[in-house]
Amino acid sequence: MKRSIIPLTVTLLTLLFFYIPIILLVAQSFNASRYSGAWTGFTLEWYARLFRDRNIWMALRNSLAIGLGATTLSMVFGTTAALALDRYRSRLQRTHYILIYMPLVIPDILMGMCLLLFFVSLGMKLGLLTIFLAHVTFCISYVAMVVLARLQDFDHSLVEAARDLGATRRQAATRVLLPLLAPGILSGGLLAFTLSIDDFVISFFVAGPGATTLPIYIYSMIKHGAPPVINALSTILLFITFALIITAQMLTWKKEKTT
Amino acid sequence: MHDYLVFDHLTKRYGALKAVDDVSLSIEQGSIFSLLGPSGCGKTTLLRMIAGFEKPDSGRILLNGRDITQLPPNQRQVNTIFQNYALFPHLSVCENIAFGLKVTGHRKADIERETLRMLELVQLERHADSKVTELSGGQKQRTAIARALIKKPNILLLDEPLAALDLKLRQRMLMELDLLHDEIGITFLYVTHDQSEAMSLSDKIAVMNEGHIEQVGTPSQIYEAPCSSFVAAFIGDTNFFDGAVIEVKDSEYCTVRIGGFGDVLCYNDKKLRVGNPVHLSIRPEKFAISRNLPEQRKGRNVLSVTVDDIVYLGTHTKYWVLLNDYRVEINQQHMRYQLDQIPIKHNEQVWLYWNADDGYMLERYCEDDEEMVFQPPEEIGDNPEPTEQHNEEE
């Protein structure tokens, strides 16, 4: 029987649909034409301009600082929240769970507005601090949910075994509970970090003058018409992401091979 | 031998449920003591209170004269073998065993020496650096034992330690545990729902049911002289008969009328009088059946019955025979000449006989235990609807 070519065609078309915009973007970043469209020649000028632009580096630094800070803080709070949610079962805990879960389903635009109103009513000056606080609020929820999922498979007799063998509460936590939860906490943190770096809507609401994150800066660049530079920036970010994914894949692949 | 571990009126509630209900018990030093009972009888809760994972609502636990009821788990000189072993998956075999000494800040040289000694004791030297996830069931078990024993506990608590192993391995580990106990000589407190494990290992057994202790005794006391129908049914198989004393023969024997079964001679160790109700338990192996009428002997009961089911089991054959409403289970040893004989067949009329001494009168009778008493071989038997001994179902 002849095999149908329909599945193969559909797959290829879908992948093309995914990747044509990206290919286009990479190509445009080397196009000499300022107003994208026709190919007028190969150039690296946009990359040169990008590296000369101090504001972009400033925005990137802000984004990384906020991302790392919010991730660290939310890893601590998210893990403790997950531990409490897992350990104690009462009606109050169900409310606690809903309150922790809520930020994941509230639309970003609503979240941004609420936070803005809140900060303004407190009389806080909008800036890096308010963006940082806003990011912490939603990052905690993500970390808590990932760690909670891990805890549901966790064998609590391991902690009891540690205590039985003479470990104090603290020792049982640091020598058994945390090492075993570490993969969950780390993947929660990673998720929080990508969301923080990527966040535009919430940051846009609570950002103040002079405090710009990378997504906000990119948006303003487009507004003021410098698309080729953004193409160059996007291409660089794209390749960094690819490199990270490939490294991660290779590491897990290697690990699977050895075990 | 003095009482080493003492439970003094321990009670533990979970909401309205009394998991452990006013349990008092004392355990001798150096013995193997088993807590035996069906799941949910409170045996694990009792064990967890000794380990310190649960606090009793009332009562005390004394270890060697010292009240340990309120001590946290890490300050008690007892260690636990968990049902699923609870080995630390992020540590190697060696690190698992050394854990107990590391957290209490022993010197590195001592830890290494003790760990090696333990590895030797449980014969895991070759697996010292293996991950615990790579070990077989038996090896995991041994790692758990070594990890607990390195703490030199006064009492080793074993929470159904063999439940996760297959039958062959379970029998081998049971022997290893026994040898280990002989070697190190500390007290073992063994929790299990498996009566054969408890019988073969223990010096003493406490049978638990619904939070309280039914009976404490040596394995043979528990088996031969159960104090309640629950114990009789839980430890091995048995047949129950309800009746009343109609005649006291002499100081030792009496005749019991069992409605629908017959008048049988019984050993009257409870000194019952005429008219007293009797709950009689007779183990299947105490009965015998034969095609020819057995010779009359003093104290032998003989009744005519019909064979209902036959299951050949190699070491012996199980028969179920019918007499009116009673369906009696019999384990009959094989005779040497049996192969030459015409075997007893289904629906055959045979003679059932047993010694009056082999019936055992129970002090207490629990109606709830009915369902545990009787387990007809529904899949094997010819009869799809075996007659219940006591028909309670409507």
Side-chain angles (χ1 to χ4, degrees), chain A residues 75 79-80 82-84 86-94 143 146-190 251-259, chain B residues 14-15 44 47-54 71-91 95-106 111 118 130-134 140 143-153 155-160 164:
Chain A
M75 270 159 76
T79 306
T80 46
L83 286 172
D86 182 66
R87 176 154 174 196
Y88 306 104
R89 307 237 170 253
S90 67
R91 199 169 299 161
L92 214 65
Q93 282 300 96
R94 217 168 308 156
V143 176
V146 174
V147 177
L148 192 60
R150 267 263 159 175
L151 272 171
Q152 258 135 27
D153 300 329
F154 185 75
D155 178 7
H156 287 275
S157 61
L158 291 174
V159 175
E160 287 183 344
R163 297 274 286 144
D164 190 65
L165 293 165
T168 58
R169 272 174 198 281
R170 181 189 288 267
Q171 283 173 323
T174 54
R175 283 173 182 259
V176 176
L177 184 64
L178 287 180
L180 289 172
L181 281 186
I185 299 173
L186 278 180
S187 60
L190 211 63
L251 281 177
T252 48
W253 186 63
K254 216 170 155 187
K255 211 171 161 192
E256 272 165 24
K257 230 175 131 186
T258 52
T259 52
Chain B
Y14 293 114
T44 297
L47 186 94
R48 290 173 60 80
M49 287 197 285
I50 307 164
F53 305 138
E54 309 276 351
L71 286 183
N74 53 324
Q75 289 173 26
R76 298 179 184 214
Q77 298 279 309
V78 295
N79 289 102
T80 312
I81 310 289
F82 290 84
Q83 189 169 357
N84 56 358
Y85 318 126
L87 297 176
F88 305 125
H90 59 303
L91 302 178
E95 289 167 325
N96 260 282
I97 296 174
F99 185 90
L101 295 186
K102 268 188 193 152
V103 290
T104 42
H106 280 69
I111 298 177
M118 282 300 148
S130 308
K131 286 183 182 173
V132 290
T133 45
E134 292 162 7
K140 281 183 187 167
T143 309
I145 292 170
R147 189 180 68 170
L149 288 182
I150 203 168
K151 297 288 290 178
K152 299 199 169 69
I155 297 180
L156 188 67
L157 309 174
L158 301 109
D159 184 9
E160 308 237 8

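Note that these values count all heavy atoms, side chains included, but never hydrogens, waters or copies made by symmetry. Naming: A, B, ... by sequence-line order, numbering from 1 per chain.
- There is no contact between B:Leu91 and chain A, counting heavy-atom distances below 4.5 Å.
- Considering every non-hydrogen atom in both A:Leu158 and B:Pro89, the closest pair reads CD1-CD, 3.9 Å.
- In this structure, A:Ala167 and B:Val103 approach most closely via the heavy-atom pair N-CG2, 3.8 Å.
- You'll find the side chain of A:Asp155 stays beyond 4.5 Å of the side chain of B:Phe82, heavy atoms only.
- Near-neighbour residues of residues 178-185 of chain A relative to chain B, defined by a heavy atom under 4.5 Å from a heavy atom of that chain, comprise A:Pro179, A:Leu180.
- Interface residue B:Phe88: backbone and side-chain heavy atoms are both found under 4.5 Å from chain A.
- Contact tally against chain A (heavy-atom pairs below 4.5 Å) for B:Arg76, B:Arg48, B:His90: the top residue is B:His90.
- Here the shortest heavy-atom pairing between A:Ser157 and B:Ala86 reads OG-CB, 3.6 Å.
- In this structure the side chain of A:Glu160 never reaches within 4.5 angstrom of the side chain of B:Pro73, judged on heavy atoms.
- The one candidate from A:Arg163, A:Arg169, A:Gln171 that meets the side chain to side chain donor-acceptor pair (under 3.5 Å) condition with B:Asn74 is A:Arg163.
- Of the listed residues (B:Lys102, B:Arg147, B:Gln75), the greatest number of heavy-atom pairs within a distance under 4.5 Å of chain A belongs to B:Arg147.
- With chain A as the partner, the residue from B:Gly100, B:Ala51, B:Pro72 showing the most heavy-atom pairs under 4.5 Å is B:Gly100.
- Residue contact with chain B, scored on non-hydrogen atoms closer than 4.5 Å, involves the backbone and the side chain of A:Ala162 alike.
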